[in-house]
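Since the structure comes first, as structure tokens, the remarks are kept for the end.
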Number of protein chains: 2
Amino acid sequence: MNLSLNDIRQKFRDCGLKSTPQRASIYQALVNSTAHPTAEDLFAQVSPTYPMLSLNTVYYTLTVLGAAGLVHEVNIGHDRARYDANLSPHHHVICQGCQDIIDVMDSRLDSLAPPTGLPKDFDITSYQVAFRGYCGACRQSQKSIATSPSGQHPVSSYRRIVWARV
Amino acid sequence: MNLSLNDIRQKFRDCGLKSTPQRASIYQALVNSTAHPTAEDLFAQVSPTYPMLSLNTVYYTLTVLGAAGLVHEVNIGHDRARYDANLSPHHHVICQGCQDIIDVMDSRLDSLAPPTGLPKDFDITSYQVAFRGYCGACRQSQKSIATSPSGQHPVSSYRRIVWARV
DNA sequence: TGCTACATAGTAATCATTCCTAAACAGGAA
DNA sequence: TTCCTGTTTAGGAATGATTACTATGTAGCA
């Protein structure tokens, strides 16, 4: 996207939000990213400019921006929250290896019929398609694990078994 | 579904899993539920029968069953993991009020075209549609908040602002 | 310029989940 | 049937993301 700080100040004003340097920087970092960063990612990105910045503030800012509708939380798992300032309708492709998220804007996905068999009084407000799979790099490393000479399945390391999320 | 403990023992054997009473009970509780319970829910459900059961065991069991492909994790947010033993292809409707999840089996959703604009070497293995909205009960309570005489927006309580997940 | 409510930062608390360890047990071998 | 071995279980401790609390700072309005 690439909004200037001035654009952002204006946007905040339009939404009735106070504009502070920290808040603007956090939002700018998010708007200018397509990587769906975590709170920690944003913190790391903005920290050099605002060394006193608290991770707490990042969380608070994301909450406020979320309530204002400027930011969405992206669900790819229960582990940690990732954020997105892309407000145009879109969907996601998630690599199950590196957990990278790629935006998908495919108009064919924008008009799915509401599902059948729901309780009558259920009110659908939005939907999203999450595609899962493996990016090129992760397919490579998968293959090398599958054919590794040891044949040792990585499951042995206690708990960290990864399975296909649904 | 309603599998007997014997069916389950057989299923475990087929998958090369040891069958223990705890494991079978946890799996049975999950298979017989459509509520997509959390680990804690399952723990609460099985605990009366096995008072010594540890929540730890529930997590370990879910991990093992997941690796065996008998169980899937359902993502509706980053907060806590919910589980599903329904292996037939299906999608979900999530109430943003009570966080209830309803299974949707609508064959029209089972053959979406792969999205355009992906890197060539990305390998899509599955996808899922998540519909969001509000169930009848939650629509009612929403309405009563919106028209409440105080007009107080619930945002005031510090951090717990809930916004539409994407 | 001064006031006031909201924002920030620091620290502490919370809570789901994972890790570690010793004891118990399932399932195959003798 | 009994024994052995590796897996499973339970308990307690640790981790890590997120939230809560609180004092101080500051944006934006009068």
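Annotation: proximity of residues 23-51 of chain B to DNA chain C (heavy atom, distance under 4.0 Å) is found for no residue.
Grouped with B:Leu87 in a hydrophobic cluster is no other residue, since no side-chain heavy-atom contact under 4.5 Å to another Ile, Leu, Val, Met, Phe, Trp or Tyr is found. If you chain together ILVMFWY residues whose side-chain heavy atoms come under 4.5 Å of each other, A:Leu118 ends up grouped with A:Val93, A:Ile102, A:Val104, A:Leu109, A:Leu112, A:Phe122, A:Ile124, A:Tyr127, A:Val129, A:Phe131, B:Val93, B:Ile102, B:Val104, B:Leu109, B:Leu112, B:Leu118, B:Phe122, B:Ile124, B:Tyr127, B:Val129, B:Phe131. As a member of the Ile/Leu/Val/Met/Phe/Trp/Tyr network built from side-chain separations under 4.5 Å, A:Met52 groups with nothing else and remains a singleton.
Remark: B:Ser4 pairs with B:Asp7 by the side chain to side chain donor-acceptor pair (under 3.5 Å) rule, at least two apart or across chains. Residues passing the side chain to side chain donor-acceptor pair (under 3.5 Å) test with B:Ser88 are B:Asn86, sequence neighbours excluded. Evaluation of the side chain to side chain contact (heavy atoms under 4.5 Å, CB included) rule for B:Asp14 yields B:Gln10 as partners, not counting sequence neighbours. By the side chain to side chain donor-acceptor pair (under 3.5 Å) test, A:Arg80 is found to be paired with no residue, residues two or more places apart in sequence or in another chain being considered. For A:Asp123, there are no side chain to side chain donor-acceptor pair (under 3.5 Å) partners at least two apart in sequence or on another chain.
Considering only side-chain N and O atoms, A:Gln22 lies nowhere under 4.0 angstrom from the phosphate OP1 or OP2 of D:dT26. Contact annotation: B:Thr61 reaches the phosphate of D:dT9 (side-chain N/O to OP1 or OP2, under 4.0 Å). For the pair A:Tyr60 and C:dA7, the criterion of a side-chain N or O lying under 4.0 Å from OP1 or OP2 is met.
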Pairs under 3.5 Å (N/O, protein and nucleotides 12-14 of chain D):
residue : atom : partner : partner atom : Å
D:dG12  : O6   : B:Asn56 : ND2          : 2.8

I'd like a list of close polar pairs between nucleotides 26-30 of chain C and the protein, N/O only, cut-off under 3.5 Å.
residue : atom : partner : partner atom : Å
C:dA26  : O3'  : B:Ser19 : O            : 3.4
C:dA26  : N3   : B:Lys18 : NZ           : 3.4
C:dG27  : OP1  : B:Ser19 : N            : 3.0

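Summarising the geometry, the separation between CE on A:Met52 and P on D:dT26 is reported as 10 Å, rounded to the nearest angstrom. We find that CZ of A:Phe12 is positioned 16 Å from C1' of D:dT26, with the value rounded to whole Å.
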Side-chain donor-acceptor pairs of residues 21-29 of chain A under 3.5 Å, sequence neighbours excluded:
residue : atom : partner : partner atom : Å
A:Arg23 : NH1  : A:Lys18 : O            : 2.9
A:Ser25 : OG   : A:Pro21 : O            : 3.2
A:Gln28 : NE2  : A:Leu3  : O            : 3.1

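Under the 3.5 Å distance criterion, with hydrogens and angles disregarded, a donor-acceptor pair is assigned to the side chains of B:Ser19 and B:Arg9.
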